[in-house]
Amino acid sequence: MSKPTPLSGFPELLPAQRAVEQQVIDTLRHTFELHGFAGIETRAVEPLDQLLRKGDTSKEVYLLRRLQEESVEGHAGIGLHFDLTVPFARYVLENAGKLDFPFRRYQIQKAWRGERPQEGRFREFTQADIDIVGRDTLAFHHDVEVTRVMVDALTRLDFLPGFRLQVNNRKLIQGFYAGLGIRTGDGGTDEVMRLVDKLDKLPVDKVRDLLLQEAGLSVENADRVLELATIRSDDDGFVAAVRALGVEHELLDEGLAELAELVRGCADLVTDRVRVTADLSIARGLDYYTGTVFETRLDGYESMGSICSGGRYDALASDGRTTYPGVGISLGVSRVVVPLLARTGLSASRSVPSAVLVAVVDEGSRATSSAVAADLRRRDIPCEVAPDAAKFGKQIRYAERRGIPFVWFVQPTDDGGVTHQVKDIRSGQQVDADPAAWTPPEADLRPTIVSTVEHEENQ
RNA sequence: GUGGGUAUAGCUCAGCUGGUAGAGCGCCGCCUUGUGGUGGCGGAUGUCGCGGGUUCGAGUCCCGUUACUCACCCCA
């Protein structure tokens with residue numbers, strides 16, 4: 001059989017790279033739990049009518065089909081989920097009677113989309129979602145809360161480049177448009193938002209043309225819409241800038257107040273590396289968002305698009321009697337990690353968890369070496385025993401290849417006992433050690449992330 | 001979906017107008033009979049993506065095909 005080739009869009013990592021991704025996932029999980037979010041996992045598949053519910057036919061859904069499928073449709077009527085929000089909405093409805101509201105959960109899972117792969121865009125990828133969902137109502141301070149949780153998480157991912165969270169509020173946009181007299185419904189304001197959303201790709205004049213021709217705006221309104229979209233600030237200064245445009249509407253006031261509260265509510269967490277910016281061009285396409293919207297750019301990778309996005313949806317789910325509003329944000333783990341592994345030297349300090357390799361003198365004494373390993377593991381020191389009793393030079397090389405920092409030597413003595421020594425193969429230093437007491441330095445206990453990100457930032 | 005590029009050793013690649021397959025790195029062994037890395041010497045490895053065609057002869061030229069890849073489109 002010839003050598004298998006990679007499948008486009010289905011990334012697989014080598015152990016050292018996977019260690020980086022694992023570190024990201026562990027950090028996210030840890031942070032989410034620190035903020036009191038409970039973990040859940042939903043099945044990989046949903047019924048097709050659930051997946052296509054939002055009219056999201058643009059999503060390329062992978063269908064499930066048995067090899068011996070005989071139905072007329074030719075498939076089982078279920079498909080792999082393309083995000084974690086749709087399954088979560090279904091899960092909330094299904095378990096509404098058993099959940100306590102407001103319900104806060106995190107979910108870190110694979111999702112699948114059939115779209116053509118590109119850098120940062122895959123057919124199989126991992127997402128990390130947090131959402132807070134209420135029954136009938138959900139206070140706005142939860143919008144601030146999920147933002148703060150994600151800022152906290154991104155801050156803790158300190159081996160990655162910086163992030164800029166861009167926040168906006170759909171009430172603000174819609175109120176502004178309504179104040180201008182742009183008709184709502186029939187995709188009127190949605191169309192304008194969709195076009196404004198292209199500002200990061202098309203020049204302003206081009207977008208203006210589109211606003212005039214495709215959305216049918218007056219010249220004056222198009223200019224106002226564009227003026228709004230160019231407003232951005234790292235504090236609540238955007239409020240005055242919007243007011244200066246002279247548009248009045250109740251919904252606009254509400255949106256301004258919410259967005260200002262959000263930006264002020266995150267101010268104490270903002271650093272040079274993780275910023276929060278009010279960016280009034282952010283609209284998030286034709287989605288189900290009704291208030292707060294987020295996008296996030298990774299410094300140095302702006303062209304890749306948003307790596308972490310979400311927002312407020314007043315009707316995440318509804319069973320006809322009860323409506324469940326929510327606010328959530330989703331981080332593209334694969335989108336962040338895979339391009340960084342490819343484009344920078346980002347990797348782990350070793351390809352195995354082992355901090356120690358216990359050498360083997362000869363096969364007859366393997367049990368002695370295994371006993372040393374057991375002693376170390378009793379104190380949570382990851383270690384392994386050499387695979388064969390090769391020359392010590394080869395056993396050291398075995399450790400070196402894998403990045404294992406310490407080799408443990410058990411030497412028989414003339415009186416029938418043994419001596420124990422541990423060697424730091426980076427320095428060459430070798431010292432007597434007690435298997436029941438010796439501990440490596442804290443920094444060597446687990447693989448660490450080796451980051452060359454500074455170099456990347458200088459470009 | 002549209003258009004371009006690429007496919008040769010484990011990896012990165014060279015191979016001109018057709019003449020039986022190469023380099024660097026890595027790997028293995030020895031120098032080094034129980035402690036690696038640097039150095040020296042030696043060694044192994046290929047359906048040249050796949051199928052067809054032209055030719056005395058194809059990695060090289062032609063046609064087809066598959067995969068990968070980049071851009072566009074679309075979208076998180």
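Throughout, protein chains are lettered first and strands after them, A, B, ... in sequence-line order, and every chain is numbered starting at 1. No hydrogens, no waters, no symmetry mates; every other heavy atom, side chains included, goes into these values.
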Chemist: Between A/Gln107 and A/Asp129, is any side-chain donor less than 3.5 angstrom from a side-chain acceptor?
Modeler: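 No, A/Asp129 and A/Gln107 have no side-chain donor paired with an acceptor closer than 3.5 Å.
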Chemist: Do A/Asp388 and A/Arg366 sit within salt-bridge range, that is, some charged N less than 4.0 Å from a carboxylate O?
Modeler: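 No, no charged N to carboxylate O under 4.0 Å.
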Chemist: Taking all non-hydrogen atoms of both residues into account, name the closest pair between A/Asp314 and A/Thr323 and its distance.
Modeler: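 The answer is O-CG2, 3.6 Å.
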Chemist: If you look at every heavy atom in A/Arg273 and A/Leu154, which pair is closest and at what distance?
Modeler: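 For A/Arg273 versus A/Leu154, the nearest heavy atoms are NH2-O, 3.1 Å.
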Chemist: What is the distance from CZ of A/Arg123 to P of B/rC75, rounded to the nearest Å?
Modeler: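 For the pair A/Arg123 CZ and B/rC75 P, the rounded distance is 18 Å.
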Chemist: Just the table, please: protein N/O against nucleotides 68-72 of chain B N/O, every pair under 3.5 Å.
Modeler:
unit_1, atom_1, unit_2, atom_2, d
B/rC68, OP1, A/Ser8, N, 2.6
B/rU69, OP2, A/Ser8, OG, 2.5

Chemist: Measuring only the P atom in each nucleotide, how far is B/rC11 from B/rG46? A whole number of Å is fine.
Modeler: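 It comes out at 14 Å once rounded to the nearest Å.
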Chemist: Would you please say whether a donor-acceptor pair under 3.5 Å links the side chains of A/Ser306 and A/Thr296?
Modeler: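 No, because no side-chain N or O of A/Ser306 sits under 3.5 Å from a partner of the opposite role on A/Thr296.
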Chemist: For the residue pair A/Phe37 and A/Phe32, categorise the inter-ring angle as parallel (less than 30°), tilted (30 to 60°) or perpendicular (more than 60°).
Modeler: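 Aromatic pair A/Phe37/A/Phe32 classed tilted.
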Chemist: Taking the P atom in each of B/rU20 and B/rU60, what is the distance between them to the nearest angstrom?
Modeler: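 Between the two P atoms, the distance is 14 Å.
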Chemist: Going by heavy atoms in the side chains, are A/Gln50 and A/His81 under 4.5 Å from each other?
Modeler: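 A/Gln50 vs A/His81: side chains apart.
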Chemist: For B/rG59 and B/rC13, measure between their P atoms and round to the nearest Å.
Modeler: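 It comes out at 22 Å once rounded to the nearest Å.
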Chemist: A/Val407 near the nucleic acid: base, sugar-phosphate alone, or nothing, with a heavy-atom cut-off under 4.0 Å?
Modeler: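 Counting heavy atoms under 4.0 Å across all strands, no contact is made by A/Val407.
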Chemist: Taking atom P of B/rC74 as reference, at what distance in whole Å does atom CD of A/Glu115 sit?
Modeler: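 Those two atoms, CD and P, are 12 Å apart.
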Chemist: By ring pair (Phe, Tyr, Trp, His ring centres under 6.0 Å), which residues pair with A/Phe163, not counting sequence neighbours?
Modeler: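 Here no residue qualifies.
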Chemist: What nucleic acid atoms does A/Ala389 come within less than 4.0 Å of, heavy atoms only: base, sugar-phosphate, or nothing?
Modeler: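 Base, at least one base heavy atom under 4.0 Å.
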Chemist: Need one value for A/Gly332: base, sugar-phosphate or nothing, where a base atom within 4.0 Å counts as base even if backbone is also close, heavy atoms only.
Modeler: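 Counting heavy atoms under 4.0 Å across all strands, no contact is made by A/Gly332.
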Chemist: For the pair A/Asp299 and A/Arg275, find out whether any cationic side-chain nitrogen is under 4.0 Å from an anionic carboxylate oxygen.
Modeler: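 Counted as a salt bridge, because a side-chain N and a carboxylate O are separated by less than 4.0 Å.
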Chemist: If a stem is a run of at least 3 consecutive Watson-Crick or G-U pairs, both distances under 3.5 Å, which stems include RNA chain B?
Modeler: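 Stems (3+ consecutive pairs) listed as B:1-7 with B:66-72, B:10-13 with B:22-25, B:27-31 with B:39-43, B:49-53 with B:61-65.
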Chemist: Looking only at atom C1', what distance separates B/rA9 and B/rA21, rounded to whole Å?
Modeler: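 Nearest-Å result for B/rA9 against B/rA21 at atom C1': 10 Å.
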Chemist: For residues 396-404 of chain A, run the donor-acceptor check on the side chains, cut-off 3.5 Å, and write out each pair with its distance to 0.1 Å, sequence neighbours left out.
Modeler:
unit_1, atom_1, unit_2, atom_2, d
A/Tyr398, OH, A/Glu384, OE1, 2.9
A/Arg402, NH1, A/Tyr398, O, 3.0

Chemist: Can you give one letter per nucleotide of nucleotides 6-12 of chain B, 5' to 3': B if a protein heavy atom sits under 4.0 Å from the base, S if only from the sugar-phosphate, - if neither?
Modeler: ----SS-
Chemist: Does the distance from a Lys or Arg side-chain N to an Asp or Glu carboxylate O, for A/Arg164 and A/Asp234, drop under 4.0 Å?
Modeler: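 Yes, charged N to carboxylate O under 4.0 Å.
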Chemist: When the P atoms of B/rG4 and B/rG64 are considered, how many whole Å apart are they?
Modeler: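 The same atom, P, in both gives a distance of 12 Å.
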Chemist: Please report the distance separating the C1' of B/rU6 from the corresponding atom of B/rA44, rounded so that it comes out in whole Å.
Modeler: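 So the two C1' atoms sit 29 Å from each other.
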Chemist: Classify every nucleotide of nucleotides 35-40 of chain B by which part a protein heavy atom approaches to under 4.0 Å, writing B for the base, S for the sugar-phosphate alone and - for neither, in 5'-to-3' order.
Modeler: BBB---
Chemist: Once you round it to whole Å, what is the distance between P of B/rC75 and CG of A/Leu51?
Modeler: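 Those two atoms, CG and P, are 19 Å apart.
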Chemist: Roughly how far apart, to the nearest Å, are B/rG57 and B/rG19 at atom P?
Modeler: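 Straight-line distance between the two P atoms is 15 Å.
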Chemist: Any heavy-atom pair between the side chains of A/Val192 and A/Leu211 that's under 4.5 Å?
Modeler: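 A side-chain contact exists here, since the closest heavy-atom pair is under 4.5 Å.
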Chemist: Please work out if A/Ser309 contacts a base, only the sugar-phosphate, or nothing of the nucleic acid, heavy-atom cut-off 4.0 Å.
Modeler: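 Sugar-phosphate, backbone atoms only, no base.
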Chemist: Under a 3.5 Å threshold, yes or no: a donor from one side chain and an acceptor from the other, between A/Asp152 and A/His35?
Modeler: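 Looking only at side-chain atoms, A/His35 and A/Asp152 do form a donor-acceptor pair, the distance falling under 3.5 Å.
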Chemist: Under a 3.5 Å threshold, yes or no: a donor from one side chain and an acceptor from the other, between A/Gln421 and A/Asp432?
Modeler: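 Yes - a donor-acceptor pair under 3.5 Å links their side chains.
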Chemist: Could you check whether the rings of A/Phe103 and A/Tyr91 sit parallel, tilted or perpendicular, using 30° and 60° as the cut-offs?
Modeler: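 The rings of A/Phe103 and A/Tyr91 lie parallel, inter-plane angle below 30°.
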Chemist: Just the rounded figure in Å: distance from P of B/rC74 to CZ of A/Phe122.
Modeler: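 Spelled out: CZ on A/Phe122 to P on B/rC74 is 21 Å.
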Chemist: What integer number of Å spans the C1' atoms of B/rA14 and B/rA23?
Modeler: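 Result for the C1' pair: 7 Å, nearest Å.
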